[in-house]
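Beneath this line is the structure, given in structure tokens, with notes to follow.
Remember, it's 1-based here, ligands and their atoms both numbered in the order they're listed.
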Amino acid sequence: MSYHIRIHDRQNDKFYEADIEGDRYILESLESQGIELPFSCLNGACTACAMRVKSGKIDQHEVIGLSKTLQDEGYALICSGYAQSDLELETQDEDEVYRLQFGNFFAKRKRHWFQFGIPIDHD
Ligand code: FES
């Protein structure tokens, strides 16, 4: 099924619109249409591709780097997410989602984070 997506790239003050397939990763679909957005790992882990979801629904069952709580609060990792409706997204502030997902955990650990693993919930 095909969905319409609108994205506001806030850092570059650009607006994009495209039609994407629901069985293909959102970022991959956009890239194939020449729309370039931030990314790094392409595995739903680093949060570089995180977007604020202004409207619409994204299937994020493959995402490992964003808690269910943050997903419910309106964030999505589009490298590993599938559109389930028409979407309106906007880019995050630099490191916004990384800080929300990992910041408090790292601040408590004082360089001993490697002993305790990464703070990802699996609900
Ligand atoms: S590019 Fe790393 S989570 Fe999407």
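- For the side-chain contact (heavy atoms from CB on, under 4.5 Å) test with N43, the passing option among S40, C46, C41 is C41; the others fail.
- Counted by atom type alone, Q33 and Y16 present zero donor-acceptor pairs between their side chains at under 3.5 Å.
- Neighbours of atom 2 (Fe) of ligand 1 restricted to protein N, O or S atoms under 2.8 Å: the count is 2.
- No more than 12 heavy-atom neighbours from other residues, nucleotides or ligands sit within 6.0 angstrom of CZ on R6.
- One hydrophobic cluster, built from ILVMFWY side chains closer than 4.5 Å, holds both V53 and I20.
- Looking at residues two or more places apart in sequence or on another chain, you find a side-chain hydrogen bond (donor to acceptor under 3.5 Å, both in side chains) between D72 and K68.
- In this structure, R52 pairs ionically with D93, as a charged nitrogen and a carboxylate oxygen lie closer than 4.0 Å.
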